[in-house]
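In what follows, a structure is listed as structure tokens, so that the remarks can point back to it.
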Amino acid sequence: MASLQSLRGMVDLLPEQIGLWQHVEATAREQFRRAGIAEIRTPLLEVTELFARGIGEATDVVGKEMYTFLDRGERSCTLRPEGTASVVRAAIQHGLLSQGPQRLWYGGPMFRYERPQAGRQRQFHQIGLELLGFADACSDAEAIAVAWDLLAALGVGGLALELNSLGSAEDRARYRELLVAWLEQRRELLDADSQARIHSNPLRVLDSKHPGTQALLAEAPSLASALSDDSQARFAAVQQALAALEIPFVLNPRLVRGLDYYSHTAFEITSSQLGAQATVCGGGRYDGLVQQLGGPVTPAIGWALGMERLVLLLSQLERPLAAAPALDLYVVSRGEAATTQALALARLCRQAGLAVERDASGAAFGKQFKRADRSGARWAAVIGEQEAADGLVGLKDLRAAASDQEGAQADQRLSPAALLQALQAALKGP
RNA sequence: GCGGGCGUCGCCAAGUGGUUAAGGCAGCGGCUUGUGGCGCCGCCAUUCGGGGGUUCAAGUCCCCUCGCUCGCCCCA
């Protein structure tokens with residue numbers, strides 16, 4: 001084809017699908033409102049350094065998945081691959097943290113240069129939550145509960161909450177040393193990917209899918225055993241809070257998560273119905289990030305939820321949501337003067353709040369009425385040469401039982417103002 | 001970046017080397033110069049993602065290329 005196409009991994013959302021997306025967005029908005037969480041919007045484009053410093057140089061996201069380029073001022077810019085770094089940057093930049101803890105949510109497109117597959121695009125959409133300035137274990141559970149309840153409100157079932165603790169920064173540093181030493185002694189036994197990660201990102205080795213590596217790791221020092229007493233107590237408190245909320249979870253000691261900034265609580269909500277990309281929502285605590293980006297020491301927890309994956313799950317439910325927006329009136333006309341009046345009538349009714357479509361084809365009335373019927377409109381207004389001359393409009397009820405006899409002429413002829421009044425009265429009534 | 005599958009009209013889809021590329025949906029026109037859900041009739045791919053090659057002959061075989069898709073990796 002010589003015709004232009006969208007870029008790989010950049011998909012169009014067509015009118016047919018938009019209803020589902022708007023439903024998800026509206027439901028999320030409502031859940032956040034109930035939880036006292038305010039929306040924040042940040043630019044799609046940021047200085048590359050923000051992500052390099054925030055997410056971590058050694059991560060895949062920063063190492064090989066960013067859309068990075070030089071702008072006309074020779075600055076290195078990057079299309080945001082995730083939302084947390086930007087939100088934290090904005091909170092620091094505008095001094096929000098000096099006004100107290102912040103409960104924020106965001107939504108919008110993210111960009112990652114990866115091979116597309118089921119549930120994964122290069123431009124994808126996330127809805128995310130960030131609680132900045134919240135240190136207690138109950139806040140971890142609260143953040144998770146907001147995500148859990150959002151999914152429940154949408155009617156998504158069959159989900160599993162996986163939970164782990166990465167411990168404090170000190171725990172991780174200590175464990176990291178242990179693990180690197182242990183891995184170093186068995187270097188030849190590891191798969192290539194894992195070997196390359198021994199020093200750059202040793203914790204990720206734990207999550208390797210290679211069977212050989214996994215078998216070997218059974219005897220590796222465990223992260224859990226490296227946690228300090230405080231960290232262990234904290235993790236237990238999170239679990240107790242979740243239990244109190246009756247949110248079921250499973251412990252997954254291999255859950256490490258890809259981004260550097262996580263500490264303590266890490267979690268994912270997964271579905272078995274999504275193919276290979278099973279994570280619908282992922283998040284965790286990031287107590288060090290705000291400071292790392294130049295802000296005050298600020299404990300924080302957050303998550304991000306993948307819209308495409310969520311919509312995928314919802315569309316599998318086969319429970320059709322709100323049909324196409326119902327049209328109140330379809331205006332049919334033929335002839336130049338009549339069509340001008342039809343346009344004026346459509347506008348008059350629209351200004352009064354009705355949903356009106358006007359047939360612009362000038363085709364035979366038979367054709368126009370056929371379209372009027374298919375449009376789903378409740379009424380049709382007709383303006384032909386006769387009506388145009390009289391300054392009247394024919395009104396026909398397309399849904400009334402009486403009009404089952406197709407071909408019936410318009411029920412009545414009214415002035416535009418009278419027609420509008422009649423429709424408004426009918427819409428208000430039973 | 002690496003594997004597997006696939007690419008015929010806006011959508012679905014026959015076709016498996018031999019003359020003019022089925023059919024369905026949608027669309028458009030008509031039967032019905034001004035009135036809808038049914039029906040009937042007609043129109044709608046000089047061309048099979050693109051480019052080479054083999055052959056008397058290719059949508060059908062070969063090569064290259066582009067795209068889509070699923071998976072690896074990774075993650076939302």
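Side chains are part of it too, since the values below use all heavy atoms of this structure and drop only hydrogens, waters and symmetry mates. Chain A is the first sequence line, chain B the second, and so forth, proteins listed ahead of strands; every chain is numbered from 1.
Side-chain N/O atoms of A/Y330 and A/Q368 include no donor and acceptor closer than 3.5 Å. One side chain, A/S361 or A/R371, offers a donor N or O that lies under 3.5 Å from an acceptor on the other.
Nucleotides B/rA21 and B/rA45 are separated by 8 Å at their C1' atoms, to the nearest Å. B/rA22 sits 13 Å from B/rC9 when the P atoms are compared, rounded to a whole Å. Spacing of P atoms, B/rG67 relative to B/rG59, comes out at 25 Å, to the nearest Å. Going from the C1' atom of B/rC43 to that of B/rG1 covers 50 Å, rounded to whole Å. Between B/rG27 and B/rG10, the two P atoms lie 15 Å apart (nearest whole Å). Distance noted for atom P between B/rC64 and B/rG5: 14 Å (whole Å). One C1' atom belongs to B/rA57, the other to B/rU20, and the distance between them is 15 Å to the nearest Å. Spacing of P atoms, B/rG49 relative to B/rA14, comes out at 14 Å, to the nearest Å.
Pair assignment for B/rA21: none, as no Watson-Crick or G-U wobble contacts are both less than 3.5 Å. Of all nucleotides present, only B/rG71 satisfies the Watson-Crick or G-U wobble test against B/rC2, with each distance under 3.5 Å. Base pairing analysis places B/rA58 opposite nothing; no Watson-Crick or G-U wobble pair with both distances below 3.5 Å involves it. Across all strands shown, B/rA45 remains unpaired; no Watson-Crick or G-U wobble contact has both distances below 3.5 Å.
Nucleotide B/rC28 holds its P atom 8 Å from the NZ atom of A/K370, rounded to whole Å. Distance A/R378 CZ to B/rG37 P: 21 Å, rounded to the nearest Å. Nucleotide B/rG10 holds its P atom 13 Å from the CD atom of A/Q5, rounded to whole Å.
Put simply, the side chain of A/L419 reaches to within 4.5 Å of the side chain of A/C349, judged on heavy atoms.
Among the heavy atoms of the strands lying under 4.0 Å from A/E385 is at least one base atom, whether or not backbone atoms are also near. Heavy atoms of A/A364 sit under 4.0 angstrom from primed sugar atoms or phosphate atoms, though from no base atom.
Taking every side-chain heavy atom of A/R374 into account, B/rG27 is the closest of B/rG34, B/rG27, B/rG37. The side chain of A/V382 lies closest to B/rU35 when the candidates are B/rG37, B/rG67, B/rU35.
Residues forming a salt bridge (Lys or Arg N to Asp or Glu O under 4.0 Å) with A/R350 (at least two apart in sequence, or on another chain): none. For A/R89, the salt bridge (Lys or Arg N to Asp or Glu O under 4.0 Å) criterion is met by A/E46, not counting sequence neighbours.
For A/S6 and A/D373, each mapped to the nucleotide of RNA chain B holding its nearest heavy atom, the one lying further toward the 5' end belongs to A/D373.
Salt-bridge formation is detected for the pair A/R234/A/D140: a Lys NZ or Arg NE/NH1/NH2 atom is positioned less than 4.0 Å from an Asp or Glu carboxylate oxygen. Using a 4.0 Å cut-off between a side-chain N of Lys or Arg and a carboxylate O of Asp or Glu, A/R334 and A/E385 do not qualify as a salt bridge.
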**Report entry** Under 4.0 Å protein heavy-atom contact, by nucleotide of nucleotides 69-76 of chain B - B base, S sugar-phosphate only
**Finding:** BSBBBBBB

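Taking the six-membered ring for Trp and thresholds of 30 and 60 degrees, A/F32 and A/W105 have nearly parallel ring planes, at less than 30 degrees apart.
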